[in-house]
Amino acid sequence: MDFRTLGPIRVASMVRNGELSATEVVAEALSKIDAHRDLNAFVAVDAERALADAGEVDAARARGEDPGPLAGVPLGVKDLEDAQGYVTTHGSVLQRDDPPATADSILVERLRSAGCVVVGKTNTPEYGWKGDTHNKLFGGTRNPWNLERSAGGSSGGSAAAVAAGLVPLATASDGGGSIRIPASVCGLPGLKPSMGRVPMGGPVPSAWPELSVKGILAPNIADTVAVLDTVVGPDPSDRMSLPIPERSWVDAMDDLGLPRQVVWAPTLGYADVDTEVAAACAAAIETIADAGVDVIEIDDLFDVDPVGSFMVLSGAGNLRALRPYRDHPSWDQVDPMLRAVLEFAEKLSAVDYLEHSDLGHRLNLRMIEV
């Protein structure tokens, strides 16, 4: 049972039509997780509950009930969001002794309702603040293609788990590349949904309200789209959430053709790009051009590197989230670089925040011009 080639939609189809039981599928995922502990992709697993939940999926099917479009799909949940019964540690020693979550996040609840079975929590850097999944509480997640390399971050545990075939599906989030970075380095498609597509909501405000969104990681883009189709749509607790798209994303893939034109910005106008990455991208662009697409190269897409403004917005969010823990006995174990970011954020004013937020407006205007 290779989850990398089957993918969540095929797995669910096999469970729905009786080729496999959800119990068999979940048992296979648990076995793979146990066999690949060297990846350190999962930081918590509840095998007993996962098998019990899989049994409920099988029982529903046996009663003739619809087990859901993702019936029996083993799911990893990034340790920045709640899954009922698991401690949400945020990858930090500051929250390792927190009580288990009493409810799922909106995304996890929707995936469970669609038939998914949560098998455990996946690793993340402390509070998701960097693009390398390493923390003092659980250590680092390794890249399944090369154990000497990083799985990226901050959804590195989810990406490694899916890329290694431990599970066919995992939740993720992205505020500054946290889906796209680990997807890239682990060989997966990485889609950051538009703000509001997958509701954030719930009792706790988003840590990075102008930046972060929820999403998923799956082995291929067709499965990614199909899974997102089951979780998008408004929630009353998220005032920014968007209506369900008029057309199903799965249906929208049926008549996809090549675009007439694409813009190619090799450096985005400001970046020093690694030569190996640049060569891979140039080869992809050549393939697109050979297929008949008009490629328009723009060297001056943006005139400023937005990372400084990103650090202001994300730093303010991190400061708000971590300030209550300043007197925690383990405060000195917080990532030193993260503490430096907090010290930087403390020196900012409200006007500083708004001025850096304005850069997003200006970047969007430039995209409209293009």
Open item on the list: Does E346 have more than 12 heavy atoms from other residues, nucleotides or ligands lying within 6.0 Å of its CD?
Closed with: yes

Open item on the list: Are T171 and E81 packed together at the side-chain level, in the sense that at least one heavy-atom pair is separated by less than 4.5 angstrom?
Closed with: yes

Open item on the list: Going by side chain to side chain contact (heavy atoms under 4.5 Å, CB included), L70 matches just one of V15, L111, V117, V57. Which one?
Closed with: L111

TODO: Taking the side chain as every heavy atom from C-beta outward, state whether V25 and F3 have any pair of such atoms under 4.5 Å apart.
DONE: yes

Task: Contact summary for P219 and L188, nearest pair of heavy atoms - done: CA-CD2, 4.1 Å

TODO: Working to the nearest 0.5 Å, report the span between OG of S158 and CG of L169.
DONE: 9.0 Å

Open item on the list: With a 4.5 Å cut-off on side-chain heavy atoms, are S330 and R96 touching?
Closed with: yes

Open item on the list: Can you see whether K78 engages S155 through a side-chain donor-acceptor pair at a distance of less than 3.5 angstrom?
Closed with: yes

Task: Cluster overlap F302 with I296, hydrophobic side-chain contacts below 4.5 Å - done: yes

- [ ] Please name the pair of heavy atoms, one in P125 and one in T133, separated by the smallest distance, quoted to 0.1 Å.
- [x] CD-OG1, 3.5 Å

Task: Point-to-point distance, once rounded to the nearest 0.5 Å, from CZ of F138 to CG of D79 - done: 5.5 Å

Open item on the list: Salt bridge check, D38 against R142: does any charged N sit closer than 4.0 Å to a carboxylate O?
Closed with: no

Open item on the list: Side chains of S212 and S173: any donor to acceptor distance under 3.5 Å?
Closed with: no

TODO: Work out which heavy atom in A161 is nearest to a heavy atom in F42; give both atom names and the distance.
DONE: CB-CE1, 3.7 Å

Open item on the list: Tell me the closest heavy-atom pair linking G140 and N123, and the distance in Å.
Closed with: C-ND2, 4.2 Å

Open item on the list: Between R366 and D300, does any NZ, NE, NH1 or NH2 come within less than 4.0 Å of an OD or OE carboxylate oxygen?
Closed with: yes

Task: For the student: nearest non-hydrogen atoms of P168 and G7, plus distance - done: CB-C, 4.0 Å

Open item on the list: Any non-hydrogen side-chain atom of I216 less than 4.5 Å from a side-chain atom of L228?
Closed with: yes

Open item on the list: For Y325 and Y127, take the angle between the two ring planes, folded into 0 to 90°, and tell me which bin it lands in: parallel under 30, tilted 30 to 60, perpendicular over 60.
Closed with: tilted

Open item on the list: So does V307 get a backbone contact from the side chain of D305, meaning a donor-acceptor N/O pair under 3.5 Å?
Closed with: yes

TODO: Might you work through the side-chain contact (heavy atoms from CB on, under 4.5 Å) test for V227 and V73, ending with a clear yes or no?
DONE: CA-CA 11 Å; V227 172; V73 172; over 6 Å; no

Task: Heavy-atom pair of closest approach, residues D223 and P8 - done: OD2-CD, 3.1 Å

- [ ] Check whether any side-chain heavy atom of D82 lies under 4.5 Å from a side-chain heavy atom of V108, and answer yes or no.
- [x] no

- [ ] Hey, could you give me the NZ/CZ distance between K214 and R110, rounded to the nearest 0.5 Å?
- [x] 11.0 Å

Task: Within-4.5 Å side-chain heavy-atom neighbours: M200 and D235 - done: no

Task: Short N-O contact, R339 and E126, less than 4.0 angstrom - done: no

Open item on the list: For a quick check under 3.5 Å, do D290 and T287 share a side-chain donor-acceptor pair by atom type?
Closed with: no

TODO: Kindly indicate whether the side chain of I179, heavy atoms from C-beta on, has any atom under 4.5 Å from the side chain of L191.
DONE: no

